[in-house]
Each structure stands twice: as C-alpha cells, then as structure tokens.
Amino acid sequence: MRAQSSATAPTRIAVPAPARTFGTLQAALGVAAFSLTFPATAWGLEGFGPWSLVAVRSVLAALLAGGCLLALRIPLPARAHWPGLAVVAAGVVVGFPLLTTLALRTSTTAHAAVVVGLLPLTTALLSALRVGTRPSRTFWAAALAGAAAVVAFTVQQSGGALTTADLYLFAALLVCAAGYTEGGRLARTMPGWQVIAWALVLCLPLSVPAAALALSHEPVHLGAHSVAGLLWVAAGSQFLGLVVWYRGMAAIGIPKASQLQLAQPLLTLVWSVLLLGEHLTVAAPLTAAAVLVCIAVTQRARG
C-alpha cells in the first residue's frame with residue numbers, strides 16, 4: 001500500500017438537502033446497530049470472559065476491515081491522519097468496548113444505557129472544544145432536555161442505585177465521545193468507513209496477542225447466544241455500524257448526528273425485552289415521546 005498525499009485543511013461546504021437526508025439516514029442506521037451492542041455483549045458474556053470477548057471482537061472486526069481495504073486497494077492514510085486514528089482506536093475500538101463489557105458483568109443493560117444517554121451531550125461538548133462547532137442555544141436546550149429525560153428514565157429503570165460498574169460506564173462515556181469526535185473530524189477529509197477500518201487495523205498488533213492471552217486464561221463455552229453475540233459486536237457494532245455512523249457525521253455534522261443517539265437507550269431497552277427477557281415500565285413510551293421531540297428540535301436548530 002502506498003501513502004496518500006498529505007492532508008489539506010478541510011473547508012466548510014454547504015451540504016445539499018438530499019445529502020443531509022441521506023447522512024441522517026446513515027447516522028440513524030449506525031444508532032440502530034449500536035442499540036444492539038449491549039444485549040449482544042450480554043449474550044457474548046454467556047460463553048466468553050470479558051477480556052476474551054473484547055479482544056476477539058477487535059480481531060474479527062479488523063480482519064473484516066483489512067480485507068475490505070486490501071480488496072479495494074486503499075492506500076495508507078497520510079501521516080497527518082495517524083494521530084487522529086490512534087484516538088479513534090483508543091476510544092472506539094479498545095476503550096468503550098472494554099469498559100462497557102467489564103461493567104456489564106455486574107450491571108444490567110438498562111443501567112448501562114445511562115452511558116449512551118449521556119453520550120450525545122458529551123460528544124457535542126467535545127466537538128465544540130475540538131473542532132470549533134458552535135451550536136445554537138435552541139440546540140443546547142433541546143440536547144440538555146433530551147439527555148435529562150434519558151438519564152432520568154435509565155436511572156429509574158435501575159432503581160436509582162449507583163453500582164461499582166458506574167466507574168467503568170462513565171470512563172467509557174468519555175473515551176467514546178473522544179473517539180466519535182475525532183472520527184467525525186477525520187471523516188471530513190477521508191471516507192468514513194476508512195476511518196474505522198484503519199483504526200481497527202492499527203489495533204491488530206495489540207488485539208491479536210491480547211486475544212491469545214485472554215483465551216488461554218478465560219474459559220470459553222460456545223453456544224448459539226455467545227457466538228451470535230460475538231459476531232454482532234464484531235461485524236455490526238465494531239465495523240459496519242461505525243462505517244455508516246462516521247459517514248452520517250461527516251454529512252450532517254458531529255453535534256446533530258450525536259443527538260440521534262438519544263434514541264439509542266430506548267432501542268436498547270426494546271432489544272433487552274425481546275432478547276434478554278427484561279421488563280419495561282410505563283415510563284418507556286413517555287420518555288420515547290420526549291426524546292423524539294428533542295431530536296426533532298436539534299435537527300432543525302442551526303449550529
């Protein structure tokens with residue numbers, strides 16, 4: 001593979017309405033893929049240890065991503081892109097999967113959804129600091145209201161009690177928001193799918209020995225749930241979902257795309273009922289309506 005020419009500073013270009021619509025659709029597909037991550041992780045933990053699950057999912061996703069890069073003969077990224085790709089790798093490929101998987105050993109998926117409920121607001125804040133975005137007051141008001149609704153709902157679902165898993169969850173929130181912000185910035189100058197693909201490949205020198213070491217120390221019990229969970233978090237959550245997510249962020253902007261994730265905890269709870277047998281309260285439809293209103297406002301508010 002040959003190196004690309006050095007990156008040029010991105011210029012702000014007006015995005016046509018059809019492109020914005022398609023970008024919103026892609027970001028929404030990413031959210032739908034991510035909403036299955038926690039239930040799939042719970043399935044995976046039925047047959048794998050937490051370290052094994054995270055390392056093996058990273059290896060499988062990297063092999064899928066690397067195969068696509070080789071098949072399409074994609075050149076190496078410019079040297080200027082590698083520091084940003086390292087941030088994406090640390091936050092999205094390693095940090096968030098590891099921390100949330102460790103948390104899900106003792107936390108329910110409903111409680112873990114607190115992280116995802118706060119993620120859009122944290123991503124927007126980091127985006128404002130990192131890439132200089134300045135959303136409007138209306139945007140911030142709707143974002144804060146949506147985040148508050150999601151947090152109140154998910155905390156109520158978990159009984160209002162904080163657990164030791166919260167340290168893992170809030171750390172995961174910060175590193176994932178950093179990875180999303182940096183990935184969205186890189187997706188302005190290189191195709192979004194290449195951002196996550198190269199981040200996954202960048203982790204291979206660590207993920208391969210980590211997988212071998214973890215599998216040698218943690219018991220493995222293969223079953224339908226554990227295999228399906230592993231395959232989904234590797235292909236759906238770790239690669240394909242992030243491909244459409246970064247493409248969506250590049251088209252409609254990091255803050256607006258991140259607000260679509262306000263719906264993710266509620267989708268996760270639906271999957272938890274269908275796949276894990278968890279129970280929802282009557283607060284679910286009320287929170288869903290409030291979140292949808294907030295999403296509508298943030299999508300209309302000008303940054």
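- By the neighbour-count criterion of 12 heavy atoms within 6.0 Å, atom CH2 of Trp51 is sparsely surrounded, having that number or fewer from other residues, nucleotides or ligands.
- Under the 4.5 Å side-chain heavy-atom criterion for grouping Ile, Leu, Val, Met, Phe, Trp and Tyr, Leu240 is not connected to Val59 through any hydrophobic cluster.
- Interatomic distance, OG of Ser207 versus CG of Leu60, reported as 9.5 Å (0.5 Å rounding).
- Atom CD of Gln238 sits about 12.5 Å away from atom CH2 of Trp232, to the nearest 0.5 Å.
- Of all heavy-atom pairs spanning Thr122 and Leu118, the tightest one is OG1-O, 3.0 Å.
- Side-chain atoms of Thr268 come within 3.5 Å of backbone N or O of Ser35 as a donor-acceptor pair.
- Of all heavy-atom pairs spanning Ala142 and Val297, the tightest one is CB-CG1, 3.5 Å.
- Residues Ser52 and Glu218 bring a donor and an acceptor atom of their side chains to less than 3.5 Å of each other.
- Linking Ile, Leu, Val, Met, Phe, Trp and Tyr whenever their side-chain heavy atoms come within less than 4.5 Å puts Trp198 and Leu64 in one cluster.
- Ring planes of Phe239 and Trp193: perpendicular class, angle over 60° (limits at 30 and 60°).
- Aromatic rings of Trp245 and Tyr180 (six-membered ring for Trp) have centroids within the 6.0 Å cut-off, being under it.
- Annotation for Leu85 and Ala199: closest pair O-CB, 4.0 Å, computed over non-hydrogen atoms.
- Inter-residue side-chain proximity for Cys203 and Val94 is flagged as met; some heavy-atom pair is nearer than 4.5 Å.
- Listed for the Ser226 side chain is no donor-acceptor partner under 3.5 Å among the backbone atoms of Leu222.
- Of all the heavy atoms in Gly179 and Val88, the pair that sits closest is O-CG2, 3.7 Å.
- Rounding to the nearest 0.5 Å places CH2 of Trp43 at 13.5 Å from CG of Leu53.
- Under the 4.5 Å side-chain heavy-atom criterion for Ile, Leu, Val, Met, Phe, Trp and Tyr, Phe48 and Phe38 are members of the same hydrophobic cluster.
- Shortest non-hydrogen contact noted between Thr287 and Ala149 is CG2-O, 3.7 Å.
- The distance from atom CG of Leu200 to atom CZ of Arg57, rounded to the nearest 0.5 Å, is 9.5 Å.
- Interatomic distance, His225 NE2 to Glu46 CD, rounded to the nearest 0.5 Å: 6.0 Å.
- Thr181 contributes a side-chain N or O that, together with a main-chain N or O of Ala177, makes up a donor-acceptor pair within less than 3.5 Å.
- A single hydrophobic cluster is seen to contain both Leu242 and Leu267, as judged by linkage of ILVMFWY side chains at heavy-atom distances under 4.5 Å, directly or through other members.
- Within a 6.0 Å radius of CZ in Phe34, other residues, nucleotides and ligands contribute more than 12 heavy atoms.
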Should Trp82 and Leu76 be marked as a side chain to side chain contact (heavy atoms under 4.5 Å, CB included) after you check the CA-CA gap, both sets of side-chain angles, and the distance that decides it?
CA-CA 10 Å; Trp82 285 107; Leu76 288 169; 4.3 Å; yes

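- Counting heavy atoms from C-beta on, the side chains of Leu169 and Asp166 come closer than 4.5 Å.
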Go through Phe153 and Leu269 one step at a time and tell me if the side chain to side chain contact (heavy atoms under 4.5 Å, CB included) criterion holds.
CA-CA 11 Å; Phe153 176 67; Leu269 290 173; 2.8 Å; yes

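- Contact of the Tyr168 side chain with the Thr100 side chain is not registered, since no non-hydrogen atoms from C-beta on lie closer than 4.5 Å.
- Listed for the Arg105 side chain is a donor-acceptor partner under 3.5 Å among the backbone atoms of Leu102.
- The CZ atom of Phe170 lies 13.0 Å from the CG atom of Leu99; values are rounded to the nearest 0.5 Å.
- A donor atom on one side chain and an acceptor atom on the other are found under 3.5 Å apart for Ser272 and Thr109.
- A heavy-atom distance below 4.5 Å is found between the side chains of His81 and Met190.
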Candidate pair Phe22 and Ile252, rule side chain to side chain contact (heavy atoms under 4.5 Å, CB included), full reasoning
CA-CA 9 Å; Phe22 188 53; Ile252 65 177; over 6 Å; no

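- Pairing each heavy atom of Arg185 with each of Gly84, the nearest pair is NH2-CA, 4.4 Å.
- Across Thr41, Val92, Thr37, Leu36, a single residue satisfies side chain to side chain contact (heavy atoms under 4.5 Å, CB included) together with Ser237, and that is Thr37.
- For the pair Ser58 (side chain) and Ala55 (backbone), a donor-acceptor distance under 3.5 Å is absent.
- Note on Leu274: it does not cluster hydrophobically with Val31, by side-chain heavy-atom contacts below 4.5 Å among ILVMFWY residues.
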